[in-house]
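Reviewing the structure listed below.
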Amino acid sequence: MADARTVEPKTEKQPRSVRVVLLALMITMMLAMLDNMIIGTAMPTIVGELGGLEHLSWVVTSYTLATAASTPLWGKLGDMYGRKGVFMSSIVLFLIGSALSGMAQDMGQLIGFRAVQGLGAGGLMVGVMAIIGDLIPPRERGKYQGMMAGVMALAMIGGPLVGGTITDNWGWRWSFYINLPLGVVALAAISVVLQLPKKRAQARIDYLGAGLLTVGITAIVLVTTWGGTEYAWTSARIMELIGIGVTALIGFVFWQTKAPEPVLPLHIFRSRNFTLMSVIGFITGFVMFGATLFLPLYQQSVQGASATNSGLLLLPMLGAMLVTSMVAGRVTTNTGRYKIFPLAGGALMVVGLYLLSLMDTDTSRVTSGVYMAVVGLGMGCLMQITMLVAQNSVEMEDMGVASSSTTLFRTLGSSFGVAIMGALFNHRVQDVMSERAGALGSKVTEQSAQLDAPGLAKLPEAAREAYQHAVSSGTHSAFLLGAAVSVVALVAAVFVKEVPLKGAGPQKTDEGAAARPPVVEAV
């Protein structure tokens with residue numbers, strides 16, 4: 001009885017403090033995810049005031065480049081110098097970038113300040129995942145997956161709506177300023193409540209490795225951003241970027257075997273599960289961002305849905321993702337078993353994307369909603385499980401680089417997905433428009449294969465009907481490619497080895513199971 005009295009207060013107290021920290025972490029996670037979705041809605045107004053239409057894409061590209069390039073560095077810095085201080089530094093940098101972006105007086109300033117914001121954003125998601133990894137054993141972490149999936153779904157659905165409301169009522173600058181009060185709340189809560197051991201590494205930062213990785217990632221993101229849009233895929237500029245990217249990444253890998261304190265320790269890839277989760281994370285990013293780009297476009301152009309509520313059109317997919325992620329988390333926590341979820345997720349993504357590829361001009365919203373739900377079920381099985389298994393596959397001192405690497409692969413997957421599926425979509429739309437509407441069709445899509453609602457309304461009836469068929473054909477090709485790529489995730493899931501999760505669940509807290517050394521499965 002005495003033992004029960006001494007243990008019980010401890011088990012009551014920890015969940016309460018964890019919940020406060022998690023609330024601050026979820027606010028920070030929402031800042032990272034909401035930003036681009038809010039800004040996308042405000043961009044027409046921003047261009048109208050600042051001008052610089054020809055540089056419009058760089059407002060997003062500068063942010064994306066800075067985020068991708070800084071992600072591995074934030075993870076490594078957290079491992080070396082302590083998670084809390086590094087995470088708070090990334091939030092402060094993100095808020096400085098947000099404030100400066102809101103005060104921008106021309107497009108050049110906005111692009112530069114967005115890069116500052118992106119440098120901070122690179123540490124937000126990594127910090128959230130790594131701190132959760134420090135605080136909560138993998139066996140218990142499944143409980144909180146639904147919360148993270150809910151934040152992601154809320155950001156994707158609410159981002160465009162919030163962005164439109166803020167821009168219409170307060171002005172576009174508040175699309176950036178809105179980050180400040182949320183960020184201050186998160187900073188205050190983390191500063192007061194979060195208690196993590198302080199670290200001070202004697203090793204120096206691997207500046208050469210960081211530089212090579214930054215150059216390689218920048219070149220890759222520029223290839224996926226510019227290829228097929230700013231420049232032809234076979235142009236000299238794209239070939240130069242490919243050459244620079246490949247050379248830099250080969251040099252980076254070679255140097256990581258020599259560096260005393262590498263930015264990305266290659267030994268973490270000796271874990272079969274970590275490597276497989278990196279592959280699955282890349283595919284999930286590839287599919288998810290491609291789907292969220294083309295589904296609203298299809299529903300607006302072909303099914304006549306309102307552009308204002310474009311975020312709500314994804315509700316079947318995002319709702320299914322949220323529910324499945326919560327179920328997967330609970331089952332993982334209660335049983336400690338997780339291999340079924342990558343397998344089911346890979347299979348459901350293949351089936352769901354194939355079903356989406358079957359949509360044509362006669363597909364009803366109910367039918368497309370069911371197809372989206374199947375994809376959402378698949379993504380829900382994969383979104384958080386990939387991070388959980390990746391973190392469980394490395395030693396505690398590599399938690400930061402494991403989190404940042406998994407996040408980086410997902411980010412790169414999204415860049416490749418949007419670029420490759422977009423190029424395929426645009427090519428198919430232009431071909432079908434030429435076939436169905438002749439010279440008029442080619443003229444309509446010579447600037448862009450994606451028409452907004454006002455542009456679509458101005459088309460003659462024959463051209464509008466041809467465009468609807470073209471969009472239907474373009475989405476068919478894009479989603480068919482997504483289904484083929486998802487097969488890779490399914491195959492990778494087959495080879496996942498179900499290593500026991502560290503931490504023994506609530507009923508065994510007193511047995512010291514959480515103190516077991518991490519289990520790392522070699523390839």
Partners meeting salt bridge (charged side-chain N to carboxylate O under 4.0 Å, His left out) with Glu498 (sequence neighbours left out) = Arg337
message = Would the distance check show the side chain of Ser271 and the main-chain N or O of Ile268 forming a donor-acceptor pair, the cut-off being under 3.5 Å?
response = no
task = Compute the centroid of each ring, for Phe282 and then for Phe416, and state whether the two points are separated by less than 6.0 Å.
result = yes
inquiry  = Under a 3.5 Å distance rule, please check whether Gln117 uses its side chain to pair with a backbone N or O of Ala66 as donor and acceptor.
reply    = no
request  = Return yes if some donor-acceptor pair links the side-chain N/O of Asn392 with the main-chain N/O of Leu388 below 3.5 Å, else return no.
outcome  = no
request  = Please test Ile238 against Ser235 for side-chain contact (heavy atoms from CB on, under 4.5 Å), starting from the C-alpha separation and ending with a verdict.
outcome  = CA-CA 6 Å; Ile238 296 298; Ser235 67; 3.4 Å; yes
key: Donor-acceptor contact present, side-chain Asn273 to main-chain Val389, <3.5 Å   = no
ask   = Short question: side chain of Lys339, backbone of Lys497 - any donor-acceptor pair under 3.5 Å?
value = no
inquiry  = For Phe425 and Phe294, take the angle between the two ring planes, folded into 0 to 90°, and tell me which bin it lands in: parallel under 30, tilted 30 to 60, perpendicular over 60.
reply    = tilted
message = For Thr363, run the side-chain contact (heavy atoms from CB on, under 4.5 Å) check against Asp360, Val366, Thr361 and tell me which one passes.
response = Asp360
ask   = Can you check whether Leu358's main-chain N or O pairs, donor with acceptor, with Tyr371's side chain at less than 3.5 Å?
value = no
query = Does Leu182 offer a backbone N or O that forms a donor-acceptor pair with the side chain of Asn179 under 3.5 Å?
reply = no
request  = For the pair Tyr338 (side chain) and Val499 (backbone), establish whether a donor and an acceptor sit closer than 3.5 Å, ignoring hydrogens and angles.
outcome  = yes
task = Please round to the nearest 0.5 Å and tell me the distance separating atom CD of Gln468 and atom CD of Glu465.
result = 7.0 Å
